[in-house]
Amino acid sequence: MQRETWATRTGFVLAAVGSAIGLGNIWRFPYVTYENGGGAFLLPYLIALFTAGIPLLIFEFAIGHKYRGSAPLALRRISEKWEWLGWWPVLVSFVITLYYTVVIAWAVSYAWFALTQAWGADTKGFFFGSYLGLPDTFWPTGGLQPSVAIALILVWIASFLIMVRGVSEGIERANKIFMPLLLVLMLIITLRGITLPGAVEGLNHLFTPDWSKLFDGKVWLAAYGQIFFSLSVGLGVMITYASYLPKKADLTNNAFITALANSGFSLLAALGVFGAIGFMAQAQGVPVNEVAAGGVGLAFIVFPQILNSFPALGGLFGFLFFVALVVAGMSSLISLVNVVAQSVADKFGISYKQAVIGVHVVAFLGSLLFATKAGLIYLDIVDHFINNYGIALIGLAEVVAVFWIWKIFGPLADHADSVSDFRVSRPWLLLSAGILTPILLTVMAWKALAADLAQPYGGYPMGLLIGFGWLTVLLVIVAAFLIQRLPWGRSVAVEMERREA
Ligand code: PHE
């Protein structure tokens with residue numbers, strides 16, 4: 001089977017950066033930083049970046065490039081027994097697409113609402129009530145919420161139209177448009193944010209270091225969690241993207257470029273967001289910490305409120321902000337859909353295009369669950385479990401396997417060196433990714449588990465948490481083992497025999 005390759009070196013870098021920069025940079029990073037000690041958080045964040053983020057990125061690039069395959073195919077080539085470890089992230093990626101698309105859909109609706117500030121004065125009531133139609137009960141779903149479902153269909157159509165064109169004509173082209181556009185949008189938003197009256201207050205709040213937080217284990221875990229999610233490592237995304245690289249392609253350098261671009265962008269977003277929050281605090285005459293809110297609340301409740309009191313052109317800046325969310329989200333989404341589609345294509349020997357069609361149909365139907373009236377609740381639960389157990393556990397399994405089970409750390413580093421501008425430092429990789437990261441990830445998963453057992457997450461009923469949380473985590477692993485047992489499609493099997501011969 002002929003594998004597509006990126007048409008240009010920048011094409012690959014832009015796609016990797018596009019995957020990394022996503023919803024996580026615009027609304028997650030600013031708030032996580034703020035919550036975990038402001039300026040003092042930057043230290044754990046940078047340490048997590050250099051001890052876990054960049055080393056893992058280098059490994060994932062090297063695995064994809066050396067073994068030329070989607071995560072399951074690459075892992076099968078490393079060791080047949082371990083194919084399931086490639087399917088696990090693929091299935092987690094699939095689950096993430098189901099609700100990531102829904103958040104993008106909200107942003108699509110809000111870009112439209114922004115033009116007329118349709119949310120009115122009560123932005124909270126508008127979001128939960130008129131827009132999401134959130135019921136008081138958790139189950140049944142309350143049926144589809146038309147306003148969300150329509151935007152969701154648009155998101156899936158856009159994703160389909162990009163992906164059906166393939167890797168270089170579709171994904172690469174889209175990112176070549178998306179990334180510069182996103183940078184321009186973000187620069188406009190940030191410049192406006194930091195020049196608003198009162199912005200300085202917000203920035204002070206963001207960056208005034210609370211050094212005592214450095215002794216809090218939770219802060220370190222938050223830093224590692226943010227780096228993992230933000231760099232898209234642990235989900236097979238980067239392995240699959242690197243499998244499309246031509247034989248001669250710089251890996252180490254590209255990993256650094258991707259990581260630094262991603263963090264730079266997060267910083268830019270944080271400046272803009274906190275400038276705006278400072279402005280709002282001043283306008284309302286309240287302290288900054290009363291305005292700041294996390295996650296969904298920041299983008300869809302606090303931001304509309306801020307836009308309501310904008311000195312001028314609130315409609316336009318609102319539109320640009322939500323378009324930026326959509327663009328950032330779309331380029332991450334296609335990287336997730338791509339892992340799933342490419343893995344299915346590799347395994348069953350069907351064409352990439354056929355796999356793209358199949359994945360879109362199934363994922364679209366699955367995502368409808370999150371477009372129901374109670375969808376936000378399911379989204380919140382699934383997201384919590386995926387973030388705490390999905391990504392971290394896969395990351396843990398990945399580093400343990402590379403260093404201590406397959407023992408391919410040396411060959412992978414050699415491989416990266418053989419094609420890259422500069423050599424990677426072995427002691428740095430071994431200490432950080434081989435020793436420190438697995439220890440920290442174990443602690444992290446353990447703490448999350450203890451917290452979840454001590455207190456039901458979000459105060460939701462246990463049945464709901466078991467159904468959407470624990471069962472999802474478990475089913476995904478079981479399914480990974482089952483898929484390993486299915487036979488490979490003809491073309492791949494033949495190709496493998498040839499390699500082995
Ligand atoms: N990195 C993306 C973000 O910050 C999310 C993502 C995670 C995308 C994993 C792909 C894979 O929003």
Side-chain angles (χ1 to χ4, degrees), residues 14-33 45 48-49 52-54 56-57 60-61 64 70-71 88-104 106-107 155 159 163 171 174-175 178-179 182 186 222-242 255 258-270 273 294-296 298-299 324-343 359 363 379 382-383 386-395 398 476:
L14 286 177
V17 171
S19 172
I21 297 181
L23 304 175
N25 301 59
I26 303 181
W27 49 256
R28 201 165 182 274
F29 176 78
Y31 184 70
V32 171
T33 304
Y45 176 84
L49 177 66
I54 295 179
L56 259 122
L57 208 51
E60 294 206 354
F61 282 176
S70 57
W88 187 10
V90 170
L91 293 165
V92 171
S93 297
F94 174 76
V95 174
I96 295 179
T97 65
L98 304 184
Y99 64 86
Y100 207 82
T101 40
V102 175
V103 181
I104 301 173
W106 298 344
V155 171
S159 163
M163 307 245 0
I171 298 179
N175 275 302
F178 283 169
M179 287 305 105
L182 184 59
M186 211 59 222
Y224 276 81
Q226 174 64 20
I227 287 292
F228 268 72
F229 184 78
S230 188
L231 275 183
S232 308
V233 290
L235 288 178
V237 166
M238 297 302 192
I239 294 180
T240 311
Y241 268 0
T258 306
L260 298 179
N262 179 58
S263 292
F265 189 89
S266 287
L267 200 65
L268 195 64
V273 166
V296 174
L298 181 60
L325 268 185
V326 173
V327 172
M330 282 305 297
S331 57
S332 296
L333 173 68
I334 55 182
S335 74
L336 287 164
V337 179
N338 177 62
V339 195
V340 186
Q342 185 64 61
S343 304
V359 171
L379 191 154
V382 175
D383 182 56
I386 291 275
N387 267 317
N388 278 282
Y389 305 102
I391 303 183
L393 286 183
I394 295 171
E398 199 177 291
V476 156

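Only this structure's heavy atoms are used, side chains among them; waters, hydrogens and symmetry mates stay out. Computed from a predicted model, the values in this text were never measured in an experiment. We count ligands from 1, going down the list as the structure has it; atoms in each ligand are counted the same way.
Between the Thr97 side chain and the Phe94 main chain, a donor and an acceptor come within less than 3.5 Å of each other. Looking only at distances, a side-chain donor or acceptor of Asn25 sits under 3.5 Å from a matching main-chain atom of Asn262.
By the ring pair (Phe, Tyr, Trp, His ring centres under 6.0 Å) test, Tyr45 is found to be paired with Phe29, residues two or more places apart in sequence or in another chain being considered. Residues satisfying the ring pair (Phe, Tyr, Trp, His ring centres under 6.0 Å) criterion with Phe265, sequence neighbours excluded, are absent altogether. For Asn175, the side chain to side chain donor-acceptor pair (under 3.5 Å) test picks out no residue, with sequence neighbours left out.
No hydrogens or angles considered: nothing links the side chains of Asn338 and Thr240 as a donor-acceptor pair under 3.5 Å.
Using a heavy-atom distance under 4.0 Å as the criterion, the protein contacts of ligand 1 are Ser19, Ala20, Gly22, Leu23, Gly24, Asn25, Tyr100, Phe229, Ser230, Ser232, Leu235, Val237, Ser332, Ser335, Leu336.
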